[in-house]
Amino acid sequence: MSLITLAHVSYTDSTTQQRLIDNVSFDIQEKTITTIIGPNGAGKSTLLRLLLELIPLSSGTITRQNGIKLGYMPQRLSLNASLPLTVERFLLLSQSVTKNARIQTETVLKQVNAIYTLKQSIHTLSGGEWQRVLLARALLQSPDLLVLDEPVQGLDLAGQAEFYRMLHHIRHTLGCAVVHVSHDLHLVWDASDTVICLNKHICCMGHPEHVRQDPVVQRLFGGFAPYTHHHDHCHDGIDHSTCEHKHD
C-alpha cells in the first residue's frame with residue numbers, strides 16, 4: 001500500500017523563477033527504503049520539503065495516506081555552542097515534558113543504540129552520535145515514514161555502513177518506511193529497495209541494480225562525459241515503446 005503518491009509534481013522558485021522540480025511522479029510504499037540520488041542542484045532537498053509540506057506545490061498533487069505520521073531528520077541542525085543542553089533536554093524540547101515523554105525519550109535513544117548519551121551535552125557528541133540523536137528525534141512520534149536528508153553526511157564508510165544497518169533494523173522493528181537523500185553512492189545500492197535518480201526530473205528509478213546499470217547514472221556518477229537530458233521522451237516507465245531516448 002502506498003503511504004504517499006506524487007503525481008506530476010513540479011516546483012518553481014517564486015524568487016528566481018527557476019524550475020527546481022519538474023513533472024515528478026512516484027509512490028512511497030509501506031515498509032520500504034527509497035533512496036533519492038542525484039548531482040548537486042538536482043532538487044533532492046527541495047523534493048523532501050515538498051513531501052513534508054514545508055513549501056507549496058507549483059503544480060501536480062501529493063496524496064498522503066490518512067493519518068500518516070512523518071518523522072524528519074534534517075541535513076544539518078546548528079545549535080548555539082554556548083547553550084547548555086543535554087541530549088535528554090534536546091529531545092524533550094520536541095515534546096510536552098511528562099513522565100511518558102521521558103520514557104519515550106529513553107526508548108528512541110535505545111532504538112538508535114545511543115542511550116548512553118542521555119545525560120551528555122550535545123556539544124560533546126561525535127558526528128556519528130549526533131546523527132543518532134537526530135534520528136532518535138525523528139522517531140519520537142512513532143512515524144509511519146522517516147524522511148532523512150543526507151543522514152550519513154560527514155560519516156566515514158564504517159559509520160555509513162553502521163547507520164544503514166540501523167535503518168534496516170528500525171524499518172523491520174517499527175514497520176516504518178524510509179525515504180532519504182544520499183550524495184554518496186558507496187552503500188546506497190545495498191541499503192535500498194528503490195532508488196530514484198533525480199536531476200530536477202526523474203532520470204530513472206527502480207530496483208537498485210537496474211538503476212546502477214542505467215546509462216544516465218553511469219554518466220552522472222561513473223566518470224563519463226557530462227549528461228544532458230532532452231525532454232522528448234517519457235519517464236513514467238509505462239510504455240517505453242512510445243518513448244525516445246537521447247543522451248548526449
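Keep in mind that what you see is a predicted model, and the values were worked out from it rather than measured.
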What's the separation between atom [atom1] in [X] and atom [atom2] in [Y], rounded to the nearest 0.5 Å?
{"X": "D193", "Y": "T35", "atom1": "CG", "atom2": "OG1", "value": "8.5 Å"}
{"X": "T194", "Y": "F26", "atom1": "OG1", "atom2": "CZ", "value": "10.0 Å"}
{"X": "F90", "Y": "Q120", "atom1": "CZ", "atom2": "CD", "value": "14.5 Å"}
{"X": "E162", "Y": "L157", "atom1": "CD", "atom2": "CG", "value": "13.0 Å"}
{"X": "Q131", "Y": "L148", "atom1": "CD", "atom2": "CG", "value": "10.0 Å"}
{"X": "T32", "Y": "D27", "atom1": "OG1", "atom2": "CG", "value": "9.5 Å"}

Side-chain donor or acceptor of [X] paired with backbone N/O of [Y] under 3.5 Å:
{"X": "Q153", "Y": "E150", "answer": "no"}
{"X": "Q160", "Y": "L155", "answer": "yes"}
{"X": "T117", "Y": "A114", "answer": "yes"}
{"X": "N80", "Y": "S82", "answer": "yes"}
{"X": "T86", "Y": "R89", "answer": "yes"}
{"X": "S2", "Y": "T5", "answer": "no"}
{"X": "H123", "Y": "L83", "answer": "yes"}

Show the nearest heavy-atom pair for residues [X] and [Y], with the distance to one decimal.
{"X": "P151", "Y": "V181", "result": "CD-O, 3.5 Å"}
{"X": "C204", "Y": "V211", "result": "SG-CG1, 3.9 Å"}
{"X": "L48", "Y": "V147", "result": "CD2-CG1, 3.8 Å"}
{"X": "V216", "Y": "C203", "result": "CG1-CB, 3.5 Å"}
{"X": "K200", "Y": "G41", "result": "CE-O, 3.6 Å"}
{"X": "S25", "Y": "I202", "result": "O-CD1, 3.4 Å"}

Would you mind reporting whether [Y] and [X] have side-chain heavy atoms less than 4.5 Å apart?
{"X": "R137", "Y": "S94", "value": "yes"}
{"X": "I170", "Y": "C176", "value": "yes"}
{"X": "T12", "Y": "L20", "value": "no"}
{"X": "K31", "Y": "H172", "value": "no"}
{"X": "K110", "Y": "T107", "value": "no"}
{"X": "L70", "Y": "P143", "value": "no"}

Under 4.0 Å between a side-chain nitrogen and a carboxylate oxygen: does that hold for [X] and [Y]?
{"X": "E88", "Y": "R102", "result": "yes"}
{"X": "R212", "Y": "D190", "result": "no"}
{"X": "E30", "Y": "R171", "result": "no"}

Going through the checks in order, is the side-chain contact (heavy atoms from CB on, under 4.5 Å) test met by F221 and I37? CA-CA 10 Å; F221 298 103; I37 63 173; 3.9 Å; yes

Residue among T105, L109, T124 satisfying side-chain contact (heavy atoms from CB on, under 4.5 Å) with V87: L109

Check L139, L174, V179 against L146 for a side-chain contact (heavy atoms from CB on, under 4.5 Å) and give me the one that passes. L139

Between L51 and Y72, is a side-chain contact (heavy atoms from CB on, under 4.5 Å) present by the stated rule, with each step listed? CA-CA 10 Å; L51 281 174; Y72 175 51; over 6 Å; no

For H8, does the NE2 atom have more than 12 heavy-atom neighbours from other residues, nucleotides or ligands under 6.0 Å away? no

Evaluate whether atom NE2 of H169 has more than 12 neighbouring non-hydrogen atoms of other residues, nucleotides or ligands under 6.0 angstrom away. no

Indicate, with yes or no, if [Y] and [X] share a hydrophobic cluster defined by side-chain heavy-atom contacts under 4.5 Å among Ile, Leu, Val, Met, Phe, Trp and Tyr.
{"X": "L118", "Y": "I103", "answer": "no"}
{"X": "Y116", "Y": "I122", "answer": "no"}
{"X": "I4", "Y": "M1", "answer": "no"}

Sort and list the pairs that fulfil side chain to side chain donor-acceptor pair (under 3.5 Å) and have at least one residue in residues 43-62, not counting sequence neighbours. S45-D149, T46-R49, E53-R64

Run the side-chain contact (heavy atoms from CB on, under 4.5 Å) test on D13 and Q17 for me, step by step, so that the C-alpha distance in whole Å, both residues' side-chain angles and the decisive distance to 0.1 Å come before the verdict. CA-CA 5 Å; D13 184 275; Q17 296 304 308; over 6 Å; no

Let's go through Y164 and H180 carefully: what are the C-alpha distance in whole Å and the side-chain angles of both, what is the deciding distance for ring-ring contact (aromatic ring centres under 6.0 Å, His included) to 0.1 Å, and is it a yes or a no? CA-CA 11 Å; Y164 283 131; H180 71 105; 5.5 Å; yes

Quick one: do the H201 and N23 side chains pair a donor with an acceptor below 3.5 Å? no

Test side-chain contact (heavy atoms from CB on, under 4.5 Å) on Q95 and L140; report intermediate values, then the result. CA-CA 8 Å; Q95 311 168 77; L140 281 171; 3.4 Å; yes

